[in-house]
Amino acid sequence: MQVAKQINAPAEAVWNALVDTQQWPHWGPSVKAVECSQRIIAACVEGRVKSILGPWVPFMITRFEPLVYWDWKVAGIPATGHRVKRLGSGRCELIFEMPFVAFPYAVICRQAAERIARLVENDVNS
């Protein structure tokens, strides 16, 4: 299952928001805080996130291709995939992938996509 959003900003701007752990609480509705040894994630990076429900849970980046995608496990469970697809000059598509059984999480992903779009489009147009 996927949630996709076309964004009027360069793919690099969207990617930068996706990989910067300090940005996650700003665009991730379910993320309250992040602790990670690296601000910018890469393959095999580990850390933990504090969910809006309260507990800290560990995460690990399981697949990573710069400027294209990253996947992770949260609490040892495969979680959301994050993709950026170039659409042309200054435009891209942000795609969140999730297992079909997690379809209720699509609402959260849709909110995250809208927040990322606002963040990067405001930066690009400033």
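Counting begins at 1 with the first residue of the sequence.
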[X] [atom1] to [Y] [atom2] distance, which is reported to the nearest 0.5 Å:
X   : Y    : atom1 : atom2 : result
K85 : I7   : NZ    : CD1   : 13.5 Å
T80 : Q2   : OG1   : CD    : 12.5 Å
M98 : I108 : CE    : CD1   : 10.5 Å
F64 : L67  : CZ    : CG    : 8.0 Å
S30 : Y105 : OG    : OH    : 3.0 Å
C36 : I41  : SG    : CD1   : 8.0 Å

Shortest non-hydrogen contact from [X] toward [Y]:
X    : Y    : result
P29  : I52  : O-CG2, 3.2 Å
I116 : L94  : CD1-CD2, 3.7 Å
G28  : R115 : C-NH1, 4.0 Å
W24  : V19  : NE1-C, 4.3 Å
I95  : A4   : CG1-CB, 4.1 Å
W27  : A17  : NE1-O, 3.0 Å

So do [Y] and [X] actually touch side chain to side chain, heavy atoms under 4.5 Å?
X   : Y   : answer
Q22 : V34 : no
V68 : P66 : no
V57 : R48 : no
V49 : W72 : yes

- Is there a donor-acceptor contact under 3.5 Å from the side chain of D20 to the main chain of N16?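 Not at all, since once roles are kept as given, no pair shorter than 3.5 Å links the two residues.
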- Message: Applying ring pair (Phe, Tyr, Trp, His ring centres under 6.0 Å) to Y69 and W15, what does each step give before you reach the verdict?
- Response: CA-CA 9 Å; Y69 66 82; W15 180 256; 8.1 Å; no
- Query: Would you call R83 and E97 a salt bridge, taking side-chain N to carboxylate O under 4.0 Å as the test?
  - Reply: yes
- Please indicate whether K32 has more than 12 foreign heavy atoms, meaning atoms of other residues, nucleotides or ligands, lying under 6.0 Å from its NZ.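 No - once you tally the heavy atoms of other residues, nucleotides and ligands closer than 6.0 Å, there are 12 at most.
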- Which word best sums up how the rings of H82 and W70 line up, parallel for under 30°, tilted for 30 to 60°, or perpendicular for over 60°? parallel
- Working for salt bridge (Lys or Arg N to Asp or Glu O under 4.0 Å), residues K5 and E93: CA-CA 6 Å; K5 168 86 177 153; E93 184 175 43; over 6 Å; no
